[in-house]
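Okay, structure first, notes after.
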Amino acid sequence: MTSEDSAVARPFRLIGRSTLGALAEIGRLTTFSGNVLGACVTPTIYVSEVLRQCVRIGFYSLPVVGLTAVFIGAALALNIYTGGSRFNAEQFVPNIVVLGITRELGPVLAGLMLAGRVSAGIAAEIGAMRVTEQIDALLTLSARPKRYLYAPRVIAATVTLPALVLVADIIGVMGGYLVAVGSLDFNWAAYLTNTWRFVTTGDIVSGLIKAAVFGAIIALMGCYQGDRSKGGAGGVGRAATLAVVGAAVLILASNYVLTSIFVRVGL
Amino acid sequence: MIAPLLKMTGVHKSFGTKSVLRGVDLSVAPGQSLVIIGGSGTGKSVTIKCALGLLSPDAGDIHFDGETVTPSNADRIRERTGMLFQGGALFDSLTVWENVAFALLYRDGVKRSKAKDRAIETLAKVRLGAAAADLRPAELSGGMQKRVGLARAIIATPDLIFFDEPTTGLDPITADAVNDLILEQVKALGAAAVTITHDMASVRKIADEIAMLHEGRIIWRGPVSELDRSGDPHVEQFVHGRADGPIQPAL
Ligand SMILES: Nc1ncnc2c1ncn2[C@@H]1O[C@H](COP(=O)(O)OP(=O)(O)OP(=O)(O)O)[C@@H](O)[C@H]1O
Ligand SMILES: [Mg+2]
């Protein structure tokens, strides 16, 4: 091969190599997720580990999720009021706030906040275990990391994220309510009645389904990047970053896919 | 001659372009204590990680109790094996006693109270008091962590035990107690032991046989009685700890 050839071929080779790299990464992530999800639904499940992770992932995320929800609900009410007043539709504030929070903003924002808080935490923890040979030690003690470490985290995140989102729904609606009643002169009873009459089970359930999927994504990305990390503290930091970015992108992408499925089936 | 419990033949392992093991042959029988010596970075730790299936060798055979070890049946060897990691590798989210009793709790399904009693008994063997049991590994000194790792490796009375530098970082008295403990595992309980150490006093005390790893191969193997008349310049240099000789640092 002459040097001219290689100069011409170089961009193609680069494109080819990064495409192959991306495909290999998708393959690895899929295999890993399949393995771990399999371990989530077959014995043995370490119940005490699951409970411990529920507390760590779920309970300690309540403040973050609650604060996010109240501010988003409040800002949403203001925006809808401003937008609605352009065609005399201010009275729809309660309806749109509850719809936006339950179907979209509650699950997506809780998911993104937890991608930062939980995915990074899991990746750093598992990554540190990887580089200090604790994962190897688990193997020599006949404990499978996917059962002892990964499945409990994935189960805990999948179960607790919907619960968090339910709380976020309530707090988000309250945020809108406070602004509407406090500064937009809404009647408090009418606001609550409108909200309650308007919201459907489908609105809430579709948001909770999203939350469960996002929970699984968050824990899986954290475990996957942590498991793959190598090379000391720098490697652990890189794993945490990759986990957050990966989880956030996957959450937004799957949010679109799930929404279009819900629209099609009329949920 | 008893059939070997662990037998490695022609094991090769490279990391990228760096070839670490180039045909390692090793075997150890029940009731036998084998010590691996060799310069720092020659692949001693890699050798025992290959034996346990923690690293997969590029070539070569590993037999445990007559069966070929593959990734799918590596669990079988691990259930009967204990391992002390060079860096301890204690689970820092668990207490000391939960670390020691891990195999009892999560593999053998022993009740917590009973497992804790056994953990405290085993900690006493490595000269750690019951007061250490409820601490976290991060609250222990380096030498104490090593001994907790040792206790974790032997608690389930395994048939084969790997000790990666068991006495490094210990004072001479504790080091001697650890040597006695290794001997007890082998002589009283009939386990096969593979120990990596740089401590020549420890080598002379615990070894039945010694194998020297150099440039990816076992270049000398013999009983402890022949250590001083091996006739191998590498072994002699190592035993006497001389900087000049055939073993030179790779630059
Ligand atoms: N996971 C790994 N990735 C890349 N290289 C590795 C890995 N593990 C070990 N090595 C390399 O293999 C060589 C042998 O390492 P090993 O840990 O087995 O040395 P050792 O004989 O145990 O040394 P020491 O006595 O210092 O513990 C080293 O040069 C190391 O750089
Ligand atoms: Mg080593």
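What's counted below: heavy atoms across the whole structure, side chains too, no hydrogens, waters or symmetry copies.
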Requested in this report: Under 4.5 Å heavy-atom distance to chain A, tell me which part of B/Leu104 shows up: side chain, backbone, both or neither.
Outcome: neither
**Report entry** Modelled atom types, side-chain donor and acceptor of B/Arg78 and A/Thr140, under 3.5 Å
**Finding:** no
**Report entry** Over-ring placement of A/Lys146 relative to A/Tyr148, 6.0 Å and 45° cut-offs
**Finding:** no
Query raised in the report: Parallel, tilted or perpendicular: which fits the ring planes of B/Phe102 and B/Phe91, with parallel below 30° and perpendicular above 60°?
Result: tilted
Query - Contacting region of A/Leu138 [heavy-atom separation from chain B under 4.5 Å] - result: both
Query raised in the report: What part of B/Ile77 lies closer than 4.5 angstrom to a heavy atom of chain A: side chain, backbone, both or neither?
Result: neither
Query raised in the report: Is there a side-chain contact between A/Leu161 and A/Leu164 (heavy atoms, below 4.5 Å)?
Result: yes
Query - Contact origin within A/Arg52 toward chain B - heavy atom pairs under 4.5 Å - result: side chain
